[in-house]
J.: 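Below you will find the structure I want to go over with you.
What you are looking at is a predicted structure, and each value in this text was computed from that prediction instead of being measured.
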Amino acid sequence: MAIPSKSSHLLLLLLLTLTLILHSFAPFNASADSDSDSESDPAAELLALQARSKSGVIRLDDHSIKRFLTSVKTPRPYSVLIFFDAAQLHDKQELRLQDLHSEFSLLASSFISNNKDSPSKSKLFFCDIEFKNSQSTFAQFGVESLPHIRFVNPNDRTLKGSEQMGQGDLSRLAESMAEFVESRTKLTIGPIQRPPMFSNKQLIIFGIGLLIWAPFAVKKILLGQTILHDPKIWLGFSVFVYFFSVSGAMHNIIRKMPMFLADRNDPSRLTFFYQGSGMQLGAEGFAVGFLYTIVGLLLAFMTRILVTVKSVTTQRIVMILALFVSFWAVKKVVYLDNWKTGYGIHAYWPSSWK
């Protein structure tokens, strides 16, 4: 039996309304389900963010700090190690922010590589925060100076209650950071996997060049025509080693000391000499090394060259000038040591001379 026309129109209108209602609620329900799933497993989301990071370090901001730390009920299923960074301070060499961040990234990539097949991979995450985009987070953690690394364990309810990594834990860079993390988490970081100094491609090119150059090198060695047979080269190298030794250059390289610092009272001025025995700038070491090198070269000149001069008068005049310059150089070194340390060095005179 045929349905009347008016009833069919009413039925079609009812079906159309019901379809629109279902379509309007479908995205909402999907979004709600997605949010529910996301909130139920923040560790999975962190693993996904970690996988998208080249170094394994996750970049956080004010919103993601709330998402993964403050809004997650404690105890959390994971710990977080956070590196606080500020791009505007990268030019401050004394802070070593870029070097420390590189070591932090190396620590993260080593942990991920060593624990990729272990349940520990979801127990610890390495993150960084940039000051420009996360000033509120800096304030929540109470960060007032850099470098600053903070460890947030699963039971930390307040961000300020998290533990700061001490300066001693940064002394040996990634290795000492690993010891700090292992002592707090009971997890194993594993060996730090530093990239090789030379890539395989560079080594192959170097090997080919060495094979091509080897016959010519053997010929030069047999004829005694290499730079190692030139006395001037040995003389220059000896002077360089002497200067390198007395200037404290190795100390500057190991400690990565800057050549100079900006004056705290007047940033437009530079400080080349720092008063205080606990710190030595590169310029100080080079100045003292230059003075010591002058004395050494004058001593070598008088004992090796001046003695071959036949004129006694010339010998005496040159020797007096050399002794005067040497006395002046040593006096400057002693003065700088007195100024830096506060300890005076005085000449000893026999009591009978007084």
Side-chain angles (χ1 to χ4, degrees), residues 93-94 96 98-99 102 172-173 194-261 270 272-274 279-337 340:
Q93 296 297 327
E94 63 273 17
R96 301 185 302 156
Q98 291 179 295
D99 295 336
S102 298
R172 292 185 295 109
L173 305 177
R194 296 185 178 276
M197 184 177 295
F198 302 102
S199 64
N200 292 334
K201 185 177 180 180
Q202 290 174 327
L203 291 175
I204 292 174
I205 294 175
F206 176 77
I208 294 174
L210 185 63
L211 291 175
I212 296 174
W213 177 74
F216 301 96
V218 172
K219 180 180 178 181
K220 290 287 186 180
I221 292 173
L222 294 177
L223 295 176
Q225 297 178 350
T226 66
I227 60 174
L228 298 179
H229 293 84
D230 190 350
K232 296 179 181 179
I233 297 297
W234 287 102
L235 176 61
F237 184 72
S238 300
V239 173
F240 170 76
V241 171
Y242 180 81
F243 175 81
F244 191 85
S245 302
V246 299
S247 66
M250 184 59 69
H251 169 273
N252 297 334
I253 293 174
I254 295 175
R255 297 295 183 87
K256 297 184 179 181
M257 300 303 296
M259 288 296 295
F260 50 83
L261 294 175
L270 299 178
F272 294 93
F273 295 87
Y274 184 86
M279 180 178 181
Q280 175 183 305
L281 298 176
E284 294 180 43
F286 286 157
V288 174
F290 177 73
L291 294 173
Y292 274 132
T293 303
I294 290 177
V295 176
L297 290 176
L298 288 175
L299 180 62
F301 175 78
M302 289 187 291
T303 57
R304 302 294 297 180
I305 299 177
L306 187 59
V307 294
T308 62
V309 178
K310 296 181 179 180
S311 175
V312 177
T313 303
T314 303
Q315 287 182 345
R316 290 175 178 175
I317 294 174
V318 174
M319 186 172 293
I320 291 173
L321 290 174
L323 290 175
F324 176 79
V325 174
S326 299
F327 178 79
W328 171 84
V330 173
K331 184 179 179 181
K332 289 294 183 184
V333 173
V334 172
Y335 170 78
L336 179 60
D337 182 75
K340 280 186 67 67

J.: Mind listing the side-chain donor-acceptor pairs of residues 232-239 below 3.5 Å, one per line with the distance, residues two or more places apart or on another chain?
T.:
residue, atom, partner, partner atom, Å
W234, NE1, L228, O, 2.6
S238, OG, W234, O, 2.7

J.: Throw together a table of side-chain donor-acceptor distances under 3.5 angstrom for residues 296-306, partners on residues two or more places apart or in other chains.
T.:
residue, atom, partner, partner atom, Å
T303, OG1, L299, O, 2.9
T303, OG1, A300, O, 3.3

J.: Identify the two heavy atoms, one from V333 and one from L291, that lie closest to each other, and give their separation to 0.1 Å.
T.: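 Looks like CG2-CD1, 3.8 Å.
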J.: Please report the C-alpha distance between F286 and F243 in whole Å, then the side-chain angles of each, then the deciding distance to 0.1 Å, and finally whether the side chain to side chain contact (heavy atoms under 4.5 Å, CB included) criterion is met.
T.: CA-CA 8 Å; F286 286 157; F243 175 81; 3.7 Å; yes
J.: Would the number of heavy atoms belonging to other residues, nucleotides or ligands and lying under 6.0 Å from CZ of F244 be above 12?
T.: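 Yes, the 6.0 Å shell around CZ holds more than 12 heavy atoms from other groups.
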J.: Looking only at heavy atoms, what is the nearest atom pair of T293 and Y242, with distance?
T.: CA-CE2, 3.6 Å
J.: Write down the atom of H229, the atom of I221, and the distance for their closest heavy-atom approach.
T.: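 Reported closest heavy-atom pair: CE1-O, 4.3 Å.
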J.: Enumerate the residue pairs fulfilling side-chain hydrogen bond (donor to acceptor under 3.5 Å, both in side chains) with a member in residues 314-332, sequence neighbours excluded, ordered by first and then second residue.
T.: S311-T314
